[in-house]
Amino acid sequence: MTIPAPTRTLNVAMLGCGTVGSQVARLILGQADDLAARTGAHLNLVSIAVVNAHKARPGIDKSLFTTDSQALVERTDLDIIIEVMGGVEGTRELVAEALGRGTSVVTANKALLAAHGAELTTIAHEHGADLYYEAAVAGAIPIIRPLRESLVGDEITLVIGIVNGTTNYILDQMTSHGADYADALAEAQRLGYAEADPTADVEGYDAAAKAAILATLAFHTSVHFDQVYCEGISQLTAADVTAVGRLGFVLKLLAVAQLAEDDQISVRVHPVILPQSHPLASVGGAYNAIFVESRAAGRLMFMGPGAGGEPTASAVMGDLVTVARNRVRGVAGPAPTSYTDRVVATMGDTECSYYLSFEVADRPGVLAQAASVFGSHGVSLHTVSQIPGDEGDPGRDVPSATLAIMTHRTREHVIRDCVKELEGSPFLRGRVRLLRVEGVK
Ligand SMILES: NC(=O)c1ccc[n+]([C@@H]2O[C@H](COP(=O)([O-])OP(=O)(O)OC[C@H]3O[C@@H](n4cnc5c(N)ncnc54)[C@H](OP(=O)(O)O)[C@@H]3O)[C@@H](O)[C@H]2O)c1
């Protein structure tokens with residue numbers, strides 16, 4: 001079949017030309033004929049805003065670079081802007097300006113969307129522009145479009161996934177090699193998987209931004225970054241990993257967006273213990289994977305490289321082609337909706353299963369006393385294991401044992417009351433270790 005030569009040209013500009021942007025620019029320039037055939041228009045890369053216009057960027061003509069990003073977004077001849085410069089304040093104004101002028105925007109910027117997605121979506125909609133952001137969550141993995149389009153006729157009940165490769169690599173090292181958190185982080189930094197300042201990754205903020213975006217699309221409710229409960233991995237120890245491993249579980253940092261029976265939604269990022277048989281448990285290294293449950297489709301799993309210049313550029317290019325096709329047809333794509341306006345539950349009101357481990361005096365009746373704490377709060381226990389300790393410290397006359405308890409689902413505020421009561425009990429030695437569990441009925 002012969003494809004007619006496109007008669008139309010679409011002007012494309014870029015904000016940023018770093019790890020992701022340089023790959024995107026090379027793909028636009030290097031695949032011009034294929035892109036024209038797929039979109040029905042020549043994609044003409046007209047300008048790229050950067051900080052340093054003199055930096056060597058092989059394969060990209062120097063004349064394309066500018067340091068004036070404001071003048072770039074104000075150009076009246078643009079059809080599409082690709083925002084791959086990152087940042088929130090400053091970037092938000094530039095993207096809003098572009099959308100307000102009817103220029104469609106493709107972005108990879110999760111932080112921007114998690115903080116200002118609702119406002120930018122509205123501006124795009126009011127001005128007939130597209131705002132696409134497949135690359136903002138889980139790099140190359142198609143997950144935004146499945147939520148926004150493929151599954152939009154279904155009712156999604158759960159989105160749960162590994163959306164941060166850095167923390168997955170660190171936890172994988174701790175699990176497979178028994179490494180301590182600090183050593184695993186240092187190794188991740190040496191290999192370039194973690195930044196010199198790893199805070200955004202290890203404290204869960206990066207994953208929380210992605211959780212806000214996923215929840216917004218899955219539940220048709222606008223979820224802001226500040227509404228996401230967030231707990232990172234920096235407090236986890238090799239002992240935690242070993243203890244849960246003995247019970248047949250693995251530790252992962254997960255983003256969870258869940259629809260509860262009362263129609264509230266819970267959006268959170270925290271360490272989770274998963275049965276080794278769970279599909280997410282075997283996702284190792286810097287890979288990402290997202291598991292979706294919906295009423296009609298059932299269970300779906302998406303997996304692949306969650307970051308890196310080329311994989312992320314693939315997702316940006318997919319959006320670029322889609323937005324270009326929309327432009328050629330003179331339409332904008334479907335905007336995400338927020339009509340359900342569901343309440344985002346507090347962590348205290350969220351229901352989970354829990355794993356608690358604590359050291360107790362190993363003497364008759366202690367197990368029953370510990371179990372009665374849960375019973376008195378109406379918490380039903382799934383499993384109770386006792387791990388014998390040493391024969392006792394020389395200074396103690398009674399040896400100790402560790403109790404590892406897994407509960408059925410209960411609200412977090414109830415389990416916190418149990419922890420408080422346990423920590424005030426005379427049989428307890430030390431603190432209670434509390435972790436949340438997924439994948440156990
Ligand atoms: N890297 C990944 O694997 C990945 C994965 C998914 C999503 N993302 C997202 O993609 C975006 C870009 O990430 P990246 O890793 O490509 O970043 P990067 O390597 O740091 O590149 C940033 C680019 O933006 C330019 N820039 C920064 N501030 C600017 C400003 N005020 N005006 C004009 N240009 C400016 C920089 O110019 P100079 O080159 O002159 O310094 C650079 O070219 C971020 O939102 C990130 O979260 C990245």
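Counting convention: from 1, in listed order, for ligands and their atoms alike. Because only heavy atoms are used, hydrogens play no part in the values below, and waters and symmetry mates are left out as well, while side chains stay in.
- E231 has a carboxylate O that lies under 4.0 Å from a charged side-chain N of R436, or vice versa, which qualifies the two as a salt bridge.
- Within the 4.5 Å cutoff, no side-chain heavy atoms of H177 are placed close to those of D183.
- In terms of polar-atom proximity, A135 is not counted as a contact of ligand 1, lacking any N or O under 3.5 Å from an N or O of the ligand.
- When heavy-atom distances to ligand 1 are checked against a 4.0 Å cut-off, A53 has no atom that comes that close, whether in backbone or side chain.
- Under the 4.0 Å distance rule, the nearest protein heavy atom to atom 17 (O) of ligand 1 falls outside the cut-off.
- Closer than 4.0 Å to atom 10 (O) of ligand 1 lies at least one heavy atom of the protein.
- Heavy atoms of H54 found under 4.0 angstrom from ligand 1: none, in either backbone or side chain.
- For V84, the heavy-atom gap to ligand 1 drops under 4.0 angstrom.
- In this structure, E83 falls outside the shell of residues with a heavy atom less than 4.0 angstrom from ligand 1.
- By the 3.5 Å distance cut-off applied to N or O atoms, G21 is not counted among the residues near ligand 1.
- Residue contact check for ligand 1: G139 places no non-hydrogen atom closer than 4.0 Å to it.
- The proximity of T312 to ligand 1, defined as any non-hydrogen pair under 4.0 Å, is limited to the side chain.
- The aromatic rings of Y169 and Y193 sit tilted relative to each other, their planes meeting at an angle between 30° and 60°.
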